[in-house]
*Asks:* 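A single structure is presented below for examination.
What's counted below: heavy atoms across the whole structure, side chains too, no hydrogens, waters or symmetry copies. Values in this document were obtained by computation on a predicted structure and should not be read as measured data.
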Amino acid sequence: MFTTKNLVILFGALLTIQACTTQPEGKSVAIQGIDATLQPGDDFFRYVNGIWYDSAQIPSTQAGVGAYMFMNYPQRIRLQGILDSVSLGNNPAGSIGQKVGDFYASGMDTLTINRRGYDPIKPILSRIDAISDIPSLMKFVADESKVYNTSIVGFGVGPDDKNSSMNIAQVYQTGIGLPDRDYYFKTDPSTLGIQEAYKKYLATLFELTGKDAVAAVKEANLVYNIEKQIAASHRTRVELRDVKANYNKLAVSDLAKRQPAIGWQQVLRGLGAKTDSIDVMQPAYYEQLNKLLQSIPVEDWKVYLKARSMSNYADDLSKPFVDAQFELTKVLSGQAVQKSRGEMLTSAVDNLLGEALGQLYVKKYFPESAKKRMLDLVNNVQKAYAARIDKLDWMSDSTKQKAKEKLFAITKKIGYPDTWKDYSTVPIVRDNYFANVVSASGGQYQYELAKLGQPVDKQEWFTTPSTVTAYNNPSANEMVFPAGILQPPYFDNDADDALNYGGIGMVIGHEMTHTFDDQGAQFDKNGNVKNWWTKEDYEKFKAKTQQVIDLYSSFTVLDTLHIKGAMTVGENTADVSGVAVAYDAFKMTPEGQDTTRIGGFTPDQRFFISVAKIWRVKMKDEFLRLWINNNPHSPPMWRVNGPLMNTPAFYSAFNIQPGDKMYVPKQDRIAVW
């Protein structure tokens with residue numbers, strides 16, 4: 001129920017100033033894999049990563065390999081080891097070990113799961129068959145939403161953008177099975193192939209629940225056509241970046257009058273949500289839904305709801321359903337072979353009982369010493385950021401003061417939550433995997449629902465400790481660094497400062513910049529959408545971010561496919577400024593002020609090599625295409641070359657000259673923060 005709006009910015013900012021990190025005695029970093037046959041100024045990503053890239057093999061069960069999100073693959077292997085151990089049993093009833101162990105064991109019992117076939121969802125399909133009119137349809141929709149079997153109403157609870165200390169009800173656009181609205185309307189060969197694969201997937205689901213082939217195809221096409229009508233009302237990914245347009249707090253009584261077919265009072269009662277107002281984040285979607293509920297026959301809606309329910313639970317049913325979903329995954333991502341059952345179940349446990357599993361992970365893999373050194377790094381980057389704000393030549397003193405107030409108000413979270421989620425009310429049994437999925441989903445829903453109308457818990461986390469990620473939450477003015485990312489190549493407690501500042505330092509700077517990117521800049525220090533800029537300064541800021549949009553839109557990624565500059569502007573701004581501020585923080589350290597070479601490379605050179613290593617990724621073309629269309633980050637190569645071609649210190653470190661492919665004249669280099 002925590003919506004994409006709440007985590008719309010991945011990576012963020014900080015709080016107090018401490019002394020600069022000193023170089024740990026005897027610590028160093030090995031420089032390996034540099035392709036000396038290449039000029040660093042032509043393609044620095046390949047200069048650092050090319051030898052690895054050309055020899056790396058993508059595992060058949062994955063769509064890519066390397067750092068960043070693909071580090072979650074070895075993370076799952078670690079977590080699977082923990083689960084293999086605790087699933088042996090002998091855990092006290094109700095304990096963390098019992099819950100995650102029995103959940104995992106129930107999912108690994110494929111003999112029982114396959115024997116049951118689609119029996120677990122037969123009651124759901126029967127309830128759909130019993131729907132007789134729109135009110136009973138909407139009752140079903142609300143009831144199933146309470147276990148995250150979401151269909152046409154996307155309901156969540158989160159901070160009020162204009163009163164960030166309180167949680168309110170939110171509804172957002174939903175209702176489609178493909179990753180984004182554009183998949184329903186593009187006509188290029190790749191997208192047409194995805195459309196056909198999706199229709200085939202839907203038809204297979206209907207066949208697996210008893211329809212003959214002809215009827216299954218007919219019903220799949222019916223579902224697809226309903227989704228296409230729904231998709232027409234969806235905002236694009238670029239439009240979803242408009243913070244103010246995605247805040248529309250309305251009275252339930254007014255909504256009920258404007259959209260009578262939806263029956264908002266009944267829906268909210270079904271959801272268990274007591275509220276007199278809702279933030280309707282994408283109003284056009286619900287206007288369209290209200291019309292479609294009146295124009296599409298109830299019998300057609302029933303077919304649609306069956307498809308949504310079958311798809312939602314496909315991975316939780318017998319092997320034919322899992323196989324059907326994977327066939328679609330292959331077309332979307334290029335992944336050749338299904339993940340092992342153990343890896344799939346590890347992801348399921350992490351998704352549904354994440355902080356329970358996280359406690360076991362942190363205890364085994366995360367040293368407290370890493371947390372302390374990470375805090376030093378964060379504080380130094382913050383200090384460097386404040387200095388950069390002071391030196392901005394395009395911002396007035398009054399806005400600078402506001403910016404620094406916001407900077408020093410940021411909450412920092414490192415490693416894992418201070419208080420863990422309580423799963424004591426979530427029953428988990430050893431012999432019924434589907435029941436466990438529903439139980440854990442229902443428990444998560446009730447956890448989120450309990451926040452409605454309550455003060456925001458500033459200590460809450462929205463990722464699991466083992467996940468290799470970091471995020472910025474503008475509504476809380478916080479940035480979060482889970483234990484999962486605090487490992488090589490991002491962070492090494494036993495390595496030199498050049499590696500750590502070029503690695504996790506860049507991520508820290510990236511996260512801080514999200515506090516001031518095109519979206520974060522619209523929130524004040526308390527997390528409210530409130531203007532703190534002078535009009536002139538904000539116009540200059542928008543001109544800066546337009547430069548970022550224009551530059552990244554010029555980068556070709558695959559064939560003629562370009563980066564979507566307007567969709568990725570927040571992440572690209574954070575990358576450009578993140579490298580710059582991390583370098584400034586590095587120069588505050590003794591090693592940063594030194595010239596001692598390691599492996600033939602100066603400290604500055606090692607810093608930039610580390611920047612390139614943290615985005616060392618190789619992926620399938622299909623997944624890269626999926627990335628470009630849906631991911632707000634640029635592909636890894638351009639997370640290296642894009643920022644560095646705008647970083648003056650990079651030019652000095654590697655003697656970049658006119659004629660080098662990455663060379664940009666001084667007057668054209670982008671500097672936002």
Side-chain angles (χ1 to χ4, degrees), residues 1-6 124 127-128 130-163 166-176 226-227 229-235 240 244-298 300-302 304-305 308-309 312 441-442 444-454:
M1 267 188 357
F2 188 75
T3 69
T4 52
K5 184 212 75 169
N6 303 100
I124 298 173
R127 294 207 311 276
I128 294 173
I131 292 172
S132 58
D133 52 22
I134 295 302
S136 59
L137 183 151
M138 295 308 296
K139 183 180 186 304
F140 172 87
V141 168
D143 288 344
E144 286 300 300
S145 292
K146 291 188 288 190
V147 289
Y148 289 117
N149 181 19
T150 303
S151 53
I152 53 176
V153 174
F155 173 76
V157 176
D160 186 332
D161 275 354
K162 295 189 177 180
N163 180 17
M166 293 297 295
N167 284 306
I168 60 172
Q170 303 164 333
V171 290
Y172 49 89
Q173 65 188 31
T174 185
I176 60 175
I226 290 176
E227 290 187 8
Q229 292 178 74
I230 289 173
S233 70
H234 275 214
R235 287 182 176 164
L240 289 172
K244 292 179 180 177
N246 287 291
Y247 178 80
N248 303 278
K249 190 175 180 181
L250 302 171
V252 173
S253 57
D254 290 341
L255 272 176
K257 293 174 183 176
R258 289 166 52 179
Q259 299 164 359
I262 294 175
W264 280 108
Q265 286 101 334
Q266 178 192 358
V267 168
L268 291 169
R269 280 196 301 271
L271 291 167
K274 296 180 179 180
T275 180
D276 58 7
S277 63
I278 307 176
D279 177 9
V280 184
M281 297 166 66
Q282 291 84 39
Y285 168 76
Y286 288 96
E287 292 291 339
Q288 174 78 333
L289 177 61
N290 185 68
K291 294 176 183 177
L292 294 178
L293 287 170
Q294 298 172 78
S295 63
I296 295 174
V298 170
D300 290 357
W301 277 116
K302 290 162 69 171
Y304 165 87
L305 290 175
R308 293 269 48 80
S309 296
N312 179 63
S441 298
Q444 178 64 17
Y445 179 88
Q446 292 302 322
Y447 172 85
E448 298 291 338
L449 183 65
K451 298 188 294 187
L452 180 59
Q454 299 299 311

*Asks:* Nearest 0.5 Å, what's the CD-CG distance between Q259 and L250?
*Replies:*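 Output value for this atom pair is 8.5 Å.
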*Asks:* Please name the pair of heavy atoms, one in R258 and one in N290, separated by the smallest distance, quoted to 0.1 Å.
*Replies:*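 For R258 and N290, the tightest heavy-atom pair comes out as O-ND2, 3.9 Å.
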*Asks:* Please report the shortest heavy-atom distance between M166 and G453, naming the atom on each side.
*Replies:* CE-O, 3.1 Å
*Asks:* I'd like to know whether V141 forms a side chain to side chain contact (heavy atoms under 4.5 Å, CB included) with V267, so could you lay out the CA-CA distance, the side-chain angles of the two residues, the decisive distance to 0.1 Å, and finally the verdict.
*Replies:* CA-CA 8 Å; V141 168; V267 168; over 6 Å; no
*Asks:* What residues, two or more places apart in sequence or in another chain, satisfy salt bridge (Lys or Arg N to Asp or Glu O under 4.0 Å) together with K146?
*Replies:* none
*Asks:* Considering residues at least two apart in sequence or located in another chain, which fulfil the side chain to side chain donor-acceptor pair (under 3.5 Å) criterion with S441?
*Replies:* none
*Asks:* Roughly how far, to the nearest 0.5 Å, is CD of Q229 from CD1 of I176?
*Replies:* 13.5 Å
*Asks:* Which pairs pass salt bridge (charged side-chain N to carboxylate O under 4.0 Å, His left out) with one or both residues in residues 131-143, sequence neighbours excluded?
*Replies:* K139-D143
*Asks:* Would L289 and I230 satisfy side chain to side chain contact (heavy atoms under 4.5 Å, CB included), going step by step from the backbone distance to the final call?
*Replies:* CA-CA 7 Å; L289 177 61; I230 289 173; 5.6 Å; no
*Asks:* If you measure from CD1 on I296 to CD1 on I226, what distance do you get to the nearest 0.5 Å?
*Replies:*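 Rounded to the nearest 0.5 Å, the CD1-CD1 separation comes to 4.5 Å.
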*Asks:* Roughly how far, to the nearest 0.5 Å, is CG of L452 from CD of Q170?
*Replies:* 10.0 Å
*Asks:* Quick one: which residue pairs count as a salt bridge (charged side-chain N to carboxylate O under 4.0 Å, His left out) with a foot in residues 288-298, not counting sequence neighbours?
*Replies:*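 Those involving residues 288-298 do not exist here.
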*Asks:* For the side chain of E448 and the backbone of Q444, is there at least one donor-acceptor N/O pair under 3.5 Å apart?
*Replies:* no
*Asks:* Tell me every residue that passes salt bridge (Lys or Arg N to Asp or Glu O under 4.0 Å) with R269, counting only those two or more places apart in sequence or in another chain.
*Replies:* none
*Asks:* For S277, does its backbone N or O pair with a side-chain atom of K249 as donor and acceptor, under 3.5 Å?
*Replies:*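 Not confirmed, K249 side chain does not pair with S277 backbone.
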*Asks:* I want to check something: taking the side chain as every heavy atom from C-beta on, are P159 and N167 in contact at a cut-off of under 4.5 Å?
*Replies:*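 Answer yes - side chains close enough.
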*Asks:* Do the ring planes of F155 and Y445 sit parallel (below 30°), tilted (30 to 60°) or perpendicular (above 60°)?
*Replies:* tilted
*Asks:* Might you work through the side chain to side chain contact (heavy atoms under 4.5 Å, CB included) test for I262 and L293, ending with a clear yes or no?
*Replies:* CA-CA 7 Å; I262 294 175; L293 287 170; 3.9 Å; yes
*Asks:* Please name all residues satisfying side chain to side chain donor-acceptor pair (under 3.5 Å) with D276, sequence neighbours left out, ordered by chain then number.
*Replies:*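 For D276, no residue satisfies side chain to side chain donor-acceptor pair (under 3.5 Å) once neighbours in sequence are set aside.
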*Asks:* Minimum heavy-atom separation for Q294 and A261, please, with both atom names.
*Replies:* CG-CB, 3.8 Å
*Asks:* Main chain of G175, side chain of Y304: is a donor-acceptor contact present, judged purely on distance under 3.5 Å?
*Replies:*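 Present.
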*Asks:* For S145 versus L271, what's the shortest heavy-atom pair and its separation?
*Replies:*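 Here S145 and L271 meet closest at CB-CD2, 3.6 Å.
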*Asks:* Could you tell me whether the side chain of R308 and the main chain of I152 form a donor-acceptor pair under 3.5 Å?
*Replies:* no
*Asks:* Among residues at least two apart in sequence or on other chains, which ones pass salt bridge (Lys or Arg N to Asp or Glu O under 4.0 Å) with D254?
*Replies:*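 Scan of D254 (salt bridge (Lys or Arg N to Asp or Glu O under 4.0 Å), adjacent residues dropped) gives none.
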*Asks:* List for me each residue that meets side chain to side chain donor-acceptor pair (under 3.5 Å) alongside T275, sequence neighbours excluded, and say none if there are none.
*Replies:* none
*Asks:* Any donor and acceptor pair, going by atom type alone, linking the side chain of N248 with main-chain N or O of D279 inside 3.5 Å?
*Replies:*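 Judged by distance alone, no pair lies under 3.5 Å.
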*Asks:* On a heavy-atom basis, which atom in T150 and which in V153 lie closest, and how many Å separate them?
*Replies:* CG2-O, 3.4 Å
*Asks:* Search all heavy atoms of Q266 against all heavy atoms of P135 and return the closest pair with its distance.
*Replies:*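 Shortest heavy-atom separation between Q266 and P135 comes out as NE2-O, 3.0 Å.
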*Asks:* A side-chain contact here means heavy atoms from C-beta on lying under 4.5 Å apart; do S132 and K302 qualify?
*Replies:*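 No; the side chains remain at least 4.5 Å from each other.
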*Asks:* With sequence neighbours excluded, give me every salt bridge (charged side-chain N to carboxylate O under 4.0 Å, His left out) pair touching residues 149-158.
*Replies:* none
*Asks:* Taking only residues two or more places apart in sequence, or in another chain, which ones meet K162 in a salt bridge (Lys or Arg N to Asp or Glu O under 4.0 Å)?
*Replies:* none
*Asks:* Among residues at least two apart in sequence or on other chains, which ones pass side chain to side chain donor-acceptor pair (under 3.5 Å) with Q282?
*Replies:* N246
*Asks:* Which value, rounded to the nearest 0.5 Å, describes the distance between N149 atom CG and S309 atom OG?
*Replies:* 4.0 Å
*Asks:* I need the full list of ring-ring contact (aromatic ring centres under 6.0 Å, His included) pairs touching residues 264-284, with sequence neighbours left out, sorted by first then second residue.
*Replies:*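 Matches after skipping sequence neighbours: W264-Y286.
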*Asks:* Side chain to side chain contact (heavy atoms under 4.5 Å, CB included), that's the test. Do N312 and E144 meet it? Break it down for me.
*Replies:* CA-CA 11 Å; N312 179 63; E144 286 300 300; over 6 Å; no
